[in-house]
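The first residue of the sequence shown is numbered 1, and numbering continues consecutively from there. Start at 1 and go down the list; that is how both ligands and their atoms are numbered.
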Amino acid sequence: MRILGIESSCDDTAAAIIQNHAQADQRILSHIVYSQMDHIIHGGVVPEIAARAHLDKIHLVIDQAMKASSLSYCDLDGVAATCGPGLIGGVMVGMMAGKAISYAHNIPFIGINHLEGHALTPRLSDDVAFPYLLLLVSGGHTQILIAHGVGQYECLGTTLDDAAGECFDKSAKMMGLPFPGGPNLENLAQECNDADQQMALENFPLPTPMRGRKNCDFSFSGLKTAVRTYIEKIAAQSDASDNTLPRNEMAQLAYSFQMAVKSILINRLEYAFTHIKQQNIPVNALVVAGGVAANKTIRHALQELTKAHKIRFIAPPLSLCTDNGAMIGWAGLERLMAGEENGLDMAARPRWPLSTLEPPQRTR
Ligand code: KG4
Ligand code: ZN
């Protein structure tokens, strides 16, 4: 079975062709992502600009994905597109493109929840069996879930305020770093040598909200506020005429920030492991998904945590952690193989919690 997957819920316009091959490395036939850079000058994603950029690029991205796979539309068994959650203008663009292809070529349409795309990615990349523990850390979401099956997600905890990626992006912006903030903040933190790292933690101690709470919820707004307070202090003491912040101090602050986010994530996961043991849930792995999973410090800490708990750790390749069409195609394939097909009247949804999903319905 072969399927086209389309993603456009934030600032990446993406399309991929996926097949249900027994070997994981032969499942992705093509994989095209156009990352919008139009937002750089605004320091964050502007929904209206994003929607227009998707509209400009969607047909080109789909065309490239088709050409790269050497297939034609009549070789496809279905088309899957993100129907939410996300920036609604962008979601509409990808969803309507998918529906148009479905109608024109008379192939099934499957509307995918973007978060389910992230949640099922480890099955595309690593064949992991249900149930598994999932840490979803992206620009819009921070959640710990147990994936029991396709459409069956038990949410153990979520963020009470900002998402981890959002906190990275906002802190990076305050540090004067360009969009996208997360990777730029990681690069800045890497400028710290051993001595700087030591000084960073002494000079810029940061809070780790929710530590020790007997649940899996997150909070990042206190961390963001603490970063702002340090930056205001540093700016007030700086005598730079051009308002730039001293690079070495910013690198230390970035390092301390990254360590704080890591501590928050690890602490909340520790409680998830306690819960799983108490409930005797036989999870097969800890999987990390979402853009923040690209962060090397966080990936390494998760690896160490899983070693300590003697559980398999799965971090899909970075190109599958950030938004992409392959994850949407794969989620579509899992549902299509189970007999699901959605009507062309399926609505786009700005909000669509994973916990409200249902297992695939046999509709064909
Ligand atoms: O999953 P994703 O591509 O988009 C959604 O939000 O759905 O995640 C994007 C987020 C952004 O907040 C970005 O700054 C963050 O992931 N991110 C990172 C890194 N790479 C991307 N955060 C920290 N370190 C990174 N290396
Ligand atoms: Zn995402």
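Atom 4 (O) of ligand 1 has its closest protein heavy atom at Asp323 OD2, 3.1 Å. At the top of the distance list for atom 24 (N) of ligand 1, counting protein heavy atoms only, stands Asn295 ND2, 3.1 Å. In this structure, the protein non-hydrogen atom closest to atom 22 (N) of ligand 1 is Gly182 CA, 3.5 Å. Regarding atom 13 (C) of ligand 1, its nearest protein heavy-atom neighbour is Asp169 OD1, 3.7 Å. In terms of protein heavy atoms, atom 26 (N) of ligand 1 is closest to Glu186 OE1, 2.7 Å. Of all protein heavy atoms, the one lying nearest to atom 17 (N) of ligand 1 is Gly291 O, 3.5 Å.
Looking at Ser219 and Asp161, their side chains do bring a donor and an acceptor atom within 3.5 Å of each other. Using modelled atom types, one finds no donor on one side chain facing an acceptor on the other under 3.5 Å when comparing His275 with Asn215. Remark: the Gln252 side chain and the Asn248 side chain contain an N/O donor-acceptor pair separated by less than 3.5 Å. Using modelled atom types and a 3.5 Å distance limit, the side chains of Tyr153 and Glu116 yield a donor-acceptor pair. Looking at Ser8 and His54, their side chains never bring a donor and an acceptor atom within 3.5 Å of each other.
Among the backbone and side-chain atoms of His114, an N, O or S atom lies under 2.8 Å from the Zn ion (ligand 2). The Zn ion (ligand 2) lies at 2.8 Å or more from every N, O or S atom belonging to Cys10.
Few gaps surround CG on Asp25; more than 12 heavy atoms of other groups in view lie less than 6.0 Å from it.
Between Phe220 and Phe218, the angle of the ring planes stays under 30°, which puts this pair in the parallel group of the 30/60° scheme.
Side-chain contact between Tyr73 and Ile62 is present, with heavy atoms from C-beta onward closer than 4.5 Å.
With salt bridges taken as basic N to acidic carboxylate O contacts below 4.0 Å, one links Asp63 and Lys67.
Within the listing of ligand 1, atoms 12 (O) sit less than 4.0 angstrom from a heavy atom of Gly165. Close contacts between ligand 1 and Gly140 involve ligand atoms 6 (O) [criterion: under 4.0 Å to a heavy atom]. Against a heavy-atom cut-off of under 4.0 Å, Gly290 is close to the following atoms of ligand 1: 1 (O). Every atom of ligand 1 with a heavy atom of Thr322 under 4.0 Å away is listed here by number and element: 3 (O).
Using a non-hydrogen distance threshold of 4.0 Å, His118 registers as a contact of ligand 1. The shortest separation from a heavy atom of Cys10 to ligand 1 is not under 4.0 Å, leaving the residue out of contact. Taking 4.0 Å as the cut-off, His114 counts as a neighbour of ligand 1 on heavy-atom distance.
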- Stepwise side chain to side chain contact (heavy atoms under 4.5 Å, CB included) test for Phe204 and Val227: CA-CA 9 Å; Phe204 303 110; Val227 168; over 6 Å; no
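When every heavy atom of Ile17 is checked against every heavy atom of Ala65, the shortest pair comes out as CG1-O, 3.7 Å.
Take the N/O/S atoms of Asp323: the one nearest the Zn ion (ligand 2) is OD1.
Comparing Ala189, Gly181, Gly139, Ala164 against atom 10 (C) of ligand 1, the shortest heavy-atom distance belongs to Gly139.
Residue contacts with ligand 1 for Pro180 are absent, since no atom lies close enough (heavy atoms, distance under 4.0 Å).
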